[in-house]
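A quick write-up on the structure given underneath.
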Amino acid sequence: MICYNCGCQLSEKDFCTGCGADVALYKKIMFTSNFFYNEGLEKAGVRDLSGAVTSLRQSLKFNKNNVEARNLLGLVYFEMGEVVKGLSEWVISKNLRSKKNIADDYINMIQDNPSRLETINQTIKKYNLALGYCQQDSLDLAVIQLKKVLSLNPRYIRAHQLLALLYMKAEEWEKAKKELDKCSRIDTGNTTTRRYRKEVEAMLETAENPKAGAKRKNSLADDVIMYQSGNETIIQPINNKENKSVSTVLNIGIGIAIGVAAACFLILPARVSSSNSEAQDELRSVSEQLDKKTSAIEEMEQETKRLTEENEKLKQDLDNYAGTDGTLEVVDDLLQAVSVYMENPQDADRVGQSLERIDPARASEVESEHFQSLYKILLDQAGPSIAESYYKSGMDSYQKEMYEEAIADFLKAASYDAENGDILYNLGNAYRQNGDREEAIEVYSLVVEKFPGTEKARRSRSYLNNLNAG
């Protein structure tokens, strides 16, 4: 035993010879843990697995670092069919002692065998499915699932017990007894198994000997004559020929009845049992096929969902390539405007009409750098001449007092040449003459801000004062 304080080997003294720590209570705790470990080992040796689990858990309560107790507890769980609990104990043991630990072999024994891992997973799923069927009161389906569980893991005690309980519910006492016998062979000291067995044996005993004493008394009364002589009771058997012949006929009839009953109770049950077995096998096969089809349907639904999502994404990409958002349309309009400009740079009207078909908002959304560069170059080259054309048209309308048309032309001219003060100034005049006071104030303010010290700015300030005063 090693000192908990310094790691020195302890002697028979109640203190550590290395560091002087008081280890009397520590020794008692370690001895108690080892005592329960030895007790669990003995119980496991005689297949009292439930008792072994109790003792080993007590051992770990006193010393959670008792690696041997953990490894043995994992083995006991594994023997009882509780594979997950066993793996948990072995993993903890491996973390406590990473080297020279037999838990490594136990873990590798399971993890290196993919088919065994799959069997364990199927066992857990089917057992949980059986529990769900029990909660839904679908006891026949629960029995089928439990039989599948036990075919995969014959040592799963909880599955045997639940199956026995379902047989008890259906009053199939012989089948319940067989399942409990299997439980007893795996774990001799399981309390739940003993409780179920006591109930089953009581029901079987009641079914085998119903009112036997009462029948014997009635038979005795029919075969004798009883009368009182003084203080004594005389019992005289009936012994005449008529009764003998009647008795012979009666015995023959009873023999025939016994023969018919034997045929009914021996031959017929075997055929019924055979038919039930065939029906159960067929039901099991149908259930397995149904499970496979259900799994296949779920996989197909998931695949359909994935393909639908992929299809939607491809449609969206196709729409983007096809120009549903206006991308290709804007590019085509720009190319047409460039073509018109290259044919005749002086034809501002045609170039302007081509550029007007390009929506500035959509043009700004195009991510291509080449598109943006070409669009800017075209605006820089053709913009001033187009602005001049719209400006002249706007002045003609202004002089004819057609202020709405003048405003439209001035706005188009400003969109192509925003730095032209004459365009902005006359746009403000058109707004003022048309009665658009707010727009006029905004444009005049822009002229004052962009062109300070100019005649246009002075006149704009004067108009601003009049508009604000009015």
Side-chain angles (χ1 to χ4, degrees), residues 1-16 21-110 120 123-124 127 153-162 164-165 180 182-198:
M1 189 179 298
I2 298 175
C3 176
Y4 65 90
N5 188 35
C6 65
C8 181
Q9 189 72 27
L10 296 178
S11 64
E12 70 278 1
K13 304 294 183 181
D14 290 339
F15 60 87
C16 177
D22 186 1
V23 294
L25 182 58
Y26 173 72
K27 282 185 174 182
K28 290 182 180 179
I29 293 174
M30 294 297 105
F31 286 146
T32 304
S33 176
N34 292 334
F35 169 78
F36 281 115
Y37 166 71
N38 292 328
E39 185 178 67
L41 186 61
E42 292 178 359
K43 290 181 178 180
V46 296
R47 300 202 68 82
D48 183 7
L49 302 184
S50 299
V53 169
T54 302
S55 298
L56 292 171
R57 291 181 67 86
Q58 285 292 336
S59 174
L60 293 175
K61 285 183 179 179
F62 285 97
N63 180 14
K64 64 180 180 181
N65 297 324
N66 194 334
V67 174
E68 287 73 16
R70 285 199 182 276
N71 290 339
L72 181 57
L73 181 58
L75 282 175
V76 173
Y77 278 140
F78 187 81
E79 183 66 15
M80 295 171 68
E82 303 284 352
V83 182
V84 176
K85 289 184 178 180
L87 279 173
S88 300
E89 296 298 332
W90 292 333
V91 170
I92 296 173
S93 172
K94 184 177 179 180
N95 289 330
L96 293 175
R97 186 197 296 169
S98 58
K99 297 181 180 179
K100 296 182 179 181
N101 192 341
I102 198 172
D104 284 332
D105 297 335
Y106 299 151
I107 295 173
N108 294 333
M109 174 185 66
I110 295 176
I120 294 170
T123 300
I124 296 172
Y127 180 76
N153 187 358
R155 295 183 178 276
Y156 199 3
I157 289 182
R158 285 198 294 171
H160 282 295
Q161 291 174 341
L162 182 56
L165 191 60
L180 295 175
K182 295 177 183 178
C183 291
S184 297
R185 286 195 292 270
I186 299 171
D187 182 6
T188 60
N190 191 286
T191 305
T192 303
T193 302
R194 290 182 174 181
R195 188 170 68 250
Y196 290 171
R197 178 187 287 276
K198 182 178 180 182

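Position 1 is the first residue of the sequence; numbering continues from there.
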Could you list the residues that satisfy side-chain contact (heavy atoms from CB on, under 4.5 Å) with Ser93, not counting sequence neighbours? Val67, Arg70, Asn71, Asn101, Ala103

Result for side chain to side chain donor-acceptor pair (under 3.5 Å) between Ser50 and one of Asp187, Thr193, Thr192 points to Asp187

Would a 4.5 Å heavy-atom cut-off, applied to side chains only, mark Leu49 and Asn190 as touching? no

Once salt bridge (Lys or Arg N to Asp or Glu O under 4.0 Å) is applied, what residue pairs with a partner in residues 43-63 remain, sequence neighbours excluded? Arg47-Glu79

Considering all heavy atoms of both residues, which atom of Leu96 and which atom of Asn65 are nearest to each other, and what is their separation? CD2-OD1, 3.3 Å

Side chains of Asp104 and Lys99, heavy atoms from C-beta outward: is any pair under 4.5 Å? no

Does Val84 offer a backbone N or O that forms a donor-acceptor pair with the side chain of Ser88 under 3.5 Å? yes

From Met30 CE over to Thr32 OG1, what is the distance, rounded to the nearest 0.5 angstrom? 8.5 Å

Measure across His160 and Cys183 and return the closest heavy-atom pair with its distance rounded to 0.1 Å. CB-SG, 3.1 Å

Separation between CZ (Arg185) and CZ (Arg155), nearest 0.5 Å, reads 10.5 Å

Taking side chain as C-beta onward, heavy atoms only, is Ile120 less than 4.5 Å from Asn153? no

Say you draw a straight line from CZ of Phe36 to CD of Gln58; how long is it, rounded to the nearest 0.5 Å? 5.0 Å

Between Tyr156 and Arg158, do the side chains contain a donor N or O and an acceptor N or O under 3.5 Å apart? yes

Which value, rounded to the nearest 0.5 Å, describes the distance between Leu180 atom CG and Arg197 atom CZ? 6.0 Å

Side chain to side chain contact (heavy atoms under 4.5 Å, CB included), that's the test. Do Val53 and Met80 meet it? Break it down for me. CA-CA 10 Å; Val53 169; Met80 295 171 68; 4.0 Å; yes

For the backbone of Val91 and the side chain of Asn95, can you confirm whether one donor and one acceptor N or O come within less than 3.5 Å of each other? yes

Under the side-chain contact (heavy atoms from CB on, under 4.5 Å) rule, collect the residues that match up with Lys198, sequence neighbours excluded. none

Gap between atom CZ of Phe35 and atom OG of Ser55 - 0.5 Å precision: 8.0 Å

Take Tyr127 and Leu162 through the test side chain to side chain contact (heavy atoms under 4.5 Å, CB included) and record every step on the way to the result. CA-CA 10 Å; Tyr127 180 76; Leu162 182 56; 4.1 Å; yes

Side chains of Glu68 and Asn34: is there a donor and an acceptor less than 3.5 Å apart? no

Should the pair Phe78 and Trp90 be assigned to parallel (<30°), tilted (30 to 60°) or perpendicular (>60°) ring geometry? tilted

Rounded to the nearest 0.5 angstrom, the OG-CG distance for Ser33 and Leu60 is 6.5 Å

Any non-hydrogen side-chain atom of Glu39 less than 4.5 Å from a side-chain atom of Leu56? no

